[in-house]
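Since the structure comes first, as C-alpha cells, the remarks are kept for the end.
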Amino acid sequence: MVGTKAERVTRFDEALFETAAAEGSRQSRSARQQLEHWARLGAALSAQVEAPLNRVRLALEGTIAQRDLTLDEARQFDAAIAVRIDDAVAHADFASAPLPNFAEVSPDPHRVLADLASREEVSERAREQLREALAALDQALEAEPQSAEAGR
C-alpha cells in the first residue's frame with residue numbers, strides 16, 4: 001500500500017453532512033471533500049488564533065510582560081482577568097471572613113501629620129501647614145466628646 005492514504009471511518013452529525021453535501025455541490029466537491037476542506041480551514045484558523053492565545057496565557061502566567069502584548073492580546077488578557085475576578089468573587093465566602101481590626105491597620109492621623117511636619121525634605125511652608133492641620137485636628141478631637149454629650 002505504498003503511496004495510498006489510510007482511510008478512517010469518521011461519523012458526522014447528519015445535519016453537518018447534509019450541509020457539507022449542499023456546499024460541496026456548489027463548489028464541485030463531494031461531501032467528504034467539503035468536510036476535509038472545512039477541516040483544513042479550521043486547522044489554519046486555529047493556528048492563527050492559538051498563537052495570540054498562547055501569548056495571553058503566558059502573560060497570565062507572568063512569563064511575559066503584559067506591556068509586550070498587542071492591543072488585541074491585551075484586550076483578551078483584560079477579559080481573562082475580569083472572568084477570573086468574577087469567578088473568585090462568585091465563589092468567595094465573605095460571610096465567614098473575619099473583619100479586620102481597623103484600629104491596628106489605620107494610621108494614627110496625629111502620628112502621620114507629626115511625622116510629615118518633622119521631615120526636612122518637606123518645605124518649611126508645607127511643614128507649617130502640617131502643624132496647623134495637626135492643631136486643627138487636636139481642636140476637633142477635643143470638641144468631639146463635648147458635641148457627642150450635648151446631643152444626648
Q) Quick one: side chain to side chain donor-acceptor pair (under 3.5 Å) partners of Asp86, sequence neighbours excluded? A) none
Who passes side chain to side chain contact (heavy atoms under 4.5 Å, CB included) against [X], sequence neighbours left out?
{"X": "Arg29", "value": "Gln27, Gln33, Gln34, His37"}
{"X": "Leu16", "value": "Phe12, Asp13, Leu35, Trp38"}
{"X": "Leu58", "value": "Glu61, Thr63, Ile64"}
{"X": "Arg26", "value": "Ala22, Glu23"}

Could you measure the distance from the [atom1] atom of [X] to the [atom2] atom of [Y]? Nearest 0.5 Å is fine.
{"X": "Arg40", "Y": "Glu36", "atom1": "CZ", "atom2": "CD", "result": "6.0 Å"}
{"X": "Arg131", "Y": "Ser118", "atom1": "CZ", "atom2": "OG", "result": "9.0 Å"}
{"X": "Asp78", "Y": "Leu69", "atom1": "CG", "atom2": "CG", "result": "9.0 Å"}

**Q.** Salt-bridge present (Glu73, Arg57; N to O < 4.0 Å)
**A.** no
(Q) Are there over 12 heavy-atom neighbours, none belonging to Phe77, within less than 6.0 Å of that residue's CZ? (A) yes
Q: Find out if a path of hydrophobic residues (ILVMFWY) with successive side-chain heavy-atom gaps under 4.5 Å connects Ile85 to Leu60.
A: yes
Q) Sequence neighbours excluded, which residues qualify as salt bridge (Lys or Arg N to Asp or Glu O under 4.0 Å) partners of Asp72? A) Arg75
